[in-house]
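We number each residue from 1, following the sequence as shown.
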Amino acid sequence: MLSLSLLACLVSGASVAAVAGGGPDWPSHGWGHGPPNQPGGQAAQCGPAVVALATGIEINIVAQHGELNATNNLLTIESGPGVNNTAYLLGKGALVANIMGGIAIRTWTQGLISQAIAENPGSEAVVAGYSGTYASAQMTELGLAQSLTGVPAHDLPILQMLVGDVTTGIQLNMNNSMAAVTGCDVGVVFPATD
């Protein structure tokens, strides 16, 4: 379970990397650039719950990239001549672990939504996207991952469906992250990488 101090460290680390120019050259997806609502045309600074919510969603996107990598790994394992059972079991375990990690992150982060909305009413759109659509998608993905058997004829269509679902989920969470900070300025850029 994530603690608020861990989340603060992650935000702080992202701030240092952004200021120092360290880390990979991440593309921004518009985080924290809502419409100006303050005198002088400046957007209000996002409150701590809004920053924590958006950061939690970004951390979830990192987990989704792990899920995508694990799914692609299983596709490779099951597309070859003969399935190595040990590699399959390790790959399936990694996929399920990534999905379960994402569920834990989302569950914890969801607890911040009402406080984030109180700080920034513009965050309301995240409720349907994160607590509704994405939560449901995670449970579907978990069921699909658990149904894998190591038999390519059964698994390959499921794995291909998972690639599409996870890719769609990443875009959904990028939108959820932007929705969380609509109308306020985060002050840092912290997009996910794979």
Side-chain angles (χ1 to χ4, degrees), residues 1-3 6-7 10 14 24 26-27 29-31 52-80 83-114 116-117 123-181 190-194:
M1 202 50 86
L2 292 173
S3 71
L6 172 61
L7 209 46
L10 290 169
W26 290 324
H29 52 265
W31 213 43
L53 172 61
T55 302
I57 295 170
E58 291 291 328
I59 293 168
N60 210 313
I61 293 170
V62 172
Q64 287 175 292
H65 281 283
E67 183 181 341
L68 185 59
N69 290 339
T71 302
N72 284 326
N73 182 46
L74 277 170
L75 273 168
T76 300
I77 291 167
E78 293 204 38
S79 294
V83 175
N84 177 319
N85 196 46
T86 302
Y88 160 75
L89 290 172
L90 289 171
K92 180 179 177 178
L95 175 59
V96 171
N98 274 288
I99 296 170
M100 296 291 290
I103 290 170
I105 294 164
R106 179 196 38 81
T107 301
W108 182 85
T109 306
Q110 249 178 251
L112 300 169
I113 290 176
S114 61
I117 291 170
S123 297
E124 285 185 15
V126 81
V127 174
Y130 197 61
S131 300
T133 306
Y134 181 60
S136 176
Q138 280 183 314
M139 298 314 295
T140 300
E141 290 167 5
L142 180 60
L144 289 171
Q146 290 173 332
S147 77
L148 296 172
T149 62
V151 177
H154 173 267
D155 290 356
L156 290 175
I158 293 170
L159 291 167
Q160 290 165 348
M161 185 183 337
L162 277 170
V163 167
D165 289 352
V166 174
T167 302
T168 300
I170 290 169
Q171 183 60 53
L172 174 65
N173 272 339
M174 290 172 68
N175 294 340
N176 289 334
S177 177
M178 288 186 294
V181 297
F190 184 48
T193 66
D194 61 351

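- Between the side chain of T109 and the main chain of R106, no donor-acceptor pair closer than 3.5 Å is present.
- Atom CD1 of I57 is separated from atom CD of Q110 by 9.5 Å, given to the nearest 0.5 angstrom.
- Of the possible polar contacts, none joining the S123 side chain to the I117 backbone as a donor-acceptor pair under 3.5 Å is found.
- Distance alone, capped at 3.5 Å, is enough to place a donor-acceptor pair between the Q138 side chain and the G102 backbone.
- No donor-acceptor distance shorter than 3.5 angstrom exists from the side chain of E78 to the backbone of D155, with no hydrogens or angles considered.
- Of all heavy-atom pairs spanning A94 and A70, the tightest one is C-CB, 4.1 Å.
- Rounding to the nearest 0.5 Å gives a distance of 11.0 Å between CG of N98 and CD1 of I103.
- When the options N72, L68, L95 are evaluated for a side chain to side chain contact (heavy atoms under 4.5 Å, CB included) with L162, the one that passes is L95.
- In this structure, the separation between CD on Q64 and CG on L172 is 8.0 Å, given to the nearest 0.5 Å.
- Residues satisfying the side chain to side chain contact (heavy atoms under 4.5 Å, CB included) criterion with N73, sequence neighbours excluded, are I77.
- Applying the side-chain hydrogen bond (donor to acceptor under 3.5 Å, both in side chains) test between Y130 and each of N60, N176, N173 identifies N60 as the sole match.
- Remark: L144 CG to I99 CD1 distance equals 8.0 Å, nearest 0.5 Å.
- A pairwise comparison of heavy atoms in H154 and S147 identifies CE1-O, 3.0 Å as the closest pair.
- Taken from CD1 in I105 to CE in M100, the straight-line distance is 12.0 Å, to the nearest 0.5 Å.
- When all heavy atoms of Y88 and V83 are compared, the pair lying nearest together is CB-CG1, 3.8 Å.
- Remark: L90 CG to N85 CG distance equals 9.5 Å, nearest 0.5 Å.
- Under a 3.5 Å cut-off, the side chain of S136 and the backbone N or O of G132 do not form any donor-acceptor pair.
- Considering all non-hydrogen atoms of both residues, A145 and K92 come closest at O-CE, 3.3 Å.
- Residues P157 and P152 come closest through the heavy atom pair CD-O, 4.1 Å.
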